[in-house]
Novice: 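The structure under discussion is supplied below as structure tokens; questions concerning it will follow.
Atoms within each ligand, like the ligands themselves, are counted from 1 in listed order.
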Amino acid sequence: MVITDAVVPVAGLGTRLLPATRAVPKELLPLGRLPVVQHVVEELAACGIRRALFVTAPHKAAIRRHFDEEHAGVELHYVDQHAPHGLGDAVRHATGFAGDRPVAVALGDCLLGDGHRRSDVVQRLGAALEAHGAAAAVAVEEVAADAVSRYGVIDPVGGDGGGDGDVLLLRGIVEKPAPADAPSRLVVAARYVLAPEVFELLAHTPPGLGDEVQLTDALAALVASGRPVVAVRLRPDERRHDVGSFAAYARSFVEVAEADPELGPALRAVTPR
Ligand code: G1P
């Protein structure tokens, strides 16, 4: 199933990147030559997305100004999330945006791929949703055991090796568990495809971890109600590049710049290794 509509949450406060994000939204920090959120929109456009709704915040008008010129052919819409009530709350601001069609969710501070070879995982999520009659599909990657508590963690049927190849059926999902409580080392990686019924659940999802409405909790409720939810593994070359911390940002910048066919050779010329 080709997914044509996407929600891009960009309302986060960026407090982990202060003071760099005092006046510049973290999503406009460049990775190589493009702001991270422009990489995201170009990734979505390459996957067939034609319309995107940015869930943004009043103090982040610079994102809108940026995309007045740089929309990559995608029809862009905006809605404000006035208070930081969590990713689940941000996503429910998109209720009705895609009508009765499934919608992609792509976190605006995270690029999949290296900016040159763009990830097509949103297409694979749409295909998995259709093939399994699922209510939701999430991209996942394996991380070290001591990193799981920074992410949503899936509990796949049959353990980490279960499922038919790269698609796993979920029997649970939990937001940022303690390492000892994590059901696996497979974590949610910034891309989702959601059927309309997810929005019905989100409307009634109470605040969870951190007193925020968690998208993960709505997906857990779907699984508990017996609806299929599937995960699609990222491929080894689909590295996740995010700007969640200065260390992640610095490493991501260098990797994306080095993979850029124009910038990479110039970078290597000034910093020989
Ligand atoms: C969010 C989600 C989490 C997911 C992560 C990376 O967390 O809540 O489940 O694993 O994005 O995609 P955040 O990084 O906003 O705290």
Novice: Leu234 vs Val121, test: side chain to side chain contact (heavy atoms under 4.5 Å, CB included). Steps then yes/no.
Specialist: CA-CA 7 Å; Leu234 296 184; Val121 75; 3.9 Å; yes
Novice: side-chain contact (heavy atoms from CB on, under 4.5 Å) with Leu168: which of Val232, Asp155, Leu186, Val157?
Specialist: Leu186
Novice: Who gets closest to atom 13 (P) of ligand 1 by heavy atom: Arg16, Lys176, Arg150?
Specialist: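 The option holding the nearest heavy atom is Lys176.
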Novice: Number the atoms of ligand 1 from 1 as they appear, then name those within less than 4.0 Å of a heavy atom of Leu107, with their elements.
Specialist: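 What qualifies from ligand 1 is 11 (O), 12 (O).
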Novice: With atoms numbered from 1 as shown, which atoms in ligand 1 lie under 4.0 angstrom from a non-hydrogen atom of Ala190?
Specialist: 12 (O)
Novice: With a heavy-atom distance limit of 4.0 Å, tell me whether Val187 approaches ligand 1 through its side chain, its backbone, both, or neither.
Specialist: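 None of Val187 does.
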Novice: Mind checking whether Val188 has an N or O less than 3.5 Å away from an N or O of ligand 1?
Specialist: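 Yes, since at least one N or O of Val188 sits under 3.5 Å from an N or O of ligand 1.
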Novice: So if I apply the side-chain contact (heavy atoms from CB on, under 4.5 Å) rule between Leu219 and each of Val174, Ile173, Leu201, which one comes out positive?
Specialist: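 Among the candidates, only Ile173 passes.
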Novice: Check the orientation of Phe67 and Phe54. Use parallel for under 30°, tilted for 30 to 60°, and perpendicular for over 60°.
Specialist: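 The rings of Phe67 and Phe54 sit tilted, inter-plane angle from 30° to 60°.
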Novice: Backbone or side chain, does any N or O of Glu175 fall under 3.5 Å from an N or O of ligand 1?
Specialist: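 Min N/O separation from ligand 1 is below 3.5 Å for Glu175.
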Novice: Tell me who clusters with Leu263, hydrophobic residues only, linked when side chains sit under 4.5 Å apart either directly or through other members.
Specialist: none
Novice: Verify the contact flag for atom 15 (O) of ligand 1, where contact means a protein heavy atom under 4.0 Å away.
Specialist: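 It does not; no protein heavy atom is within 4.0 Å.
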Novice: Identify, with sequence neighbours excluded, every residue that meets salt bridge (charged side-chain N to carboxylate O under 4.0 Å, His left out) alongside Arg251.
Specialist: Glu255
Novice: Indicate if Tyr249 and Leu13 have the same hydrophobic cluster label, given that clusters are the connected sets of ILVMFWY residues with side-chain heavy-atom separations under 4.5 angstrom.
Specialist: no
Novice: With a 4.0 Å cut-off on heavy atoms, is Ala189 touching ligand 1?
Specialist: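 It does, in that a heavy atom of Ala189 comes within the 4.0 Å cut-off of ligand 1.
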Novice: Heavy-atom contact check, 4.0 Å cutoff: does Thr216 meet ligand 1?
Specialist: yes
